[in-house]
There are 2 protein chains.
Amino acid sequence: MPVATAFPDLLREAGLRVTTPRVAVLGAVHAHPHADTEVLIDAARVEVPAVSHQAVYDSLRVLSDAGLIRRIQLPGHVARYESRVGDNHHHLVCRSCGAIEDVDCSVGHAPCLTPSDHHGFVIDEAEVIYRGTCAACRAAQTV
Amino acid sequence: MPVATAFPDLLREAGLRVTTPRVAVLGAVHAHPHADTEVLIDAARVEVPAVSHQAVYDSLRVLSDAGLIRRIQLPGHVARYESRVGDNHHHLVCRSCGAIEDVDCSVGHAPCLTPSDHHGFVIDEAEVIYRGTCAACRAAQTV
DNA sequence: CTCTTTTCCTGAACAATTCAAGAAAAGCAG
DNA sequence: CTGCTTTTCTTGAATTGTTCAGGAAAAGAG
């Protein structure tokens, strides 16, 4: 994880203007992996108390479009964000509590990237979502 | 695809009450793969003109919970439904127009079901989403 | 046919996100 | 450093897909 002073450079390298809300949001995403927008708004306001929620929404979109962060949107849940990008990792999602864990691709070289029939599509990414039950929820159910 | 008269039996076998809206919704999902709720409401009203949208929403949930249909919810899109269930197939999604195509698992035996680190989760399913651009959208962009 | 339970209808509510218009700030040229 | 142009932020409201609530209707069992 980059130190706090590196966030402005990350923005500049991506060709984005360096603004206080963006630096705060980028820092918040790095500090809170898999956090939703509400958590990120609160985290950003620790550094910039007056930041509006739209500024956070806009920053999240800009940062996602620039590839500095990644948006994770799962059915039945609000959008979440993470700072790990470009390493082809996937996600493990708990059906019960919605917890997310990162997992590296099992085979290492994107085994599922070549489906049996591509239907004329040009495929550029394969996203894998593992669903199951986390240890905490299993323990809670057993009790 | 089952003939129309088989839908009530499907409902009964699943332990569900057979109602006019449910039969119409189940038929609509079979007739319109990957359709969204709006399309399914219209399709159901061809057979049952007075059906309310909540009845359709409720039927879709009940049928999904019973495993008779499957809900597909992709980021940035409304919920969609399909009638292929239990065959471990995945989806190919166009980034541009949102079109969905079915694809069978490339290796055949759920290659990604065993990630390198399960983080204490008990995994019961791996869902793969291939993202790319469909032939129609590529043609449109080239023009 | 009657009764109980589930489901449907009408209509309102909700929550996450987006839109809109003006004010402020970033970055650049001089 | 100063002024200018463009982008971004703020305030506040709107939108959209979906869900909630209460009473009416229908399904299924006996």
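Numbers restart at 1 for each chain; the letters A, B, ... are given by sequence-line order, proteins then strands.
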> Taking the side chain as C-beta and beyond, is there a heavy-atom pair between A:L68 and A:L16 under 4.5 Å?
Replying inline: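 Counting from C-beta outward, A:L68 and A:L16 do come under 4.5 Å.
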
Under 3.5 Å donor-acceptor pairs involving side-chain atoms of residues 48-66 of chain B, not counting sequence neighbours:
residue, atom, partner, partner atom, Å
B:S52, OG, B:A55, N, 3.2
B:S59, OG, B:A55, O, 2.8
B:S64, OG, B:L60, O, 2.7

> What pair of heavy atoms forms the shortest contact from B:V93 to A:F121, and how long is it?
Replying inline: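 Result for this residue pair: C-CE2, 3.8 Å.
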
>> Run the ring-ring contact (aromatic ring centres under 6.0 Å, His included) test against B:H91 and tell me which residues pass, sequence neighbours left out.
In response: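 With neighbours one apart ignored, the set is B:H34, B:H89.
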
> Is it true that B:R45 and B:D42 make a salt bridge, defined as a side-chain N closer than 4.0 Å to a carboxylate O?
Replying inline: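 No, this pair does not count.
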
>> Run the salt bridge (charged side-chain N to carboxylate O under 4.0 Å, His left out) test against B:R131 and tell me which residues pass, sequence neighbours left out.
In response: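 So B:R131 forms a salt bridge (charged side-chain N to carboxylate O under 4.0 Å, His left out) with A:E127.
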
>> Does the protein touch nucleotides 5-20 of chain D at the base, only the backbone, or not at all? Give it as B, S and - per nucleotide, heavy atoms under 4.0 Å.
In response: -BBSSBBBB---SBBB

>> Distance under 4.0 Å to a non-hydrogen atom of chain B counts as contact; along DNA chain C, which nucleotides mark the start and end?
In response: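 Going 5' to 3' along DNA chain C, contacts run C:dT5 to C:dA12.
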
>> Listing request: all salt bridge (Lys or Arg N to Asp or Glu O under 4.0 Å) pairs with a residue in residues 75-87 of chain B, at least two apart in sequence or in separate chains.
In response: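 As it turns out, the salt bridge (Lys or Arg N to Asp or Glu O under 4.0 Å) pairs with a partner in residues 75-87 of chain B, which skip direct neighbours, are B:R70-B:E82, B:R84-B:D87, B:R84-B:D102, B:R84-B:D104.
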
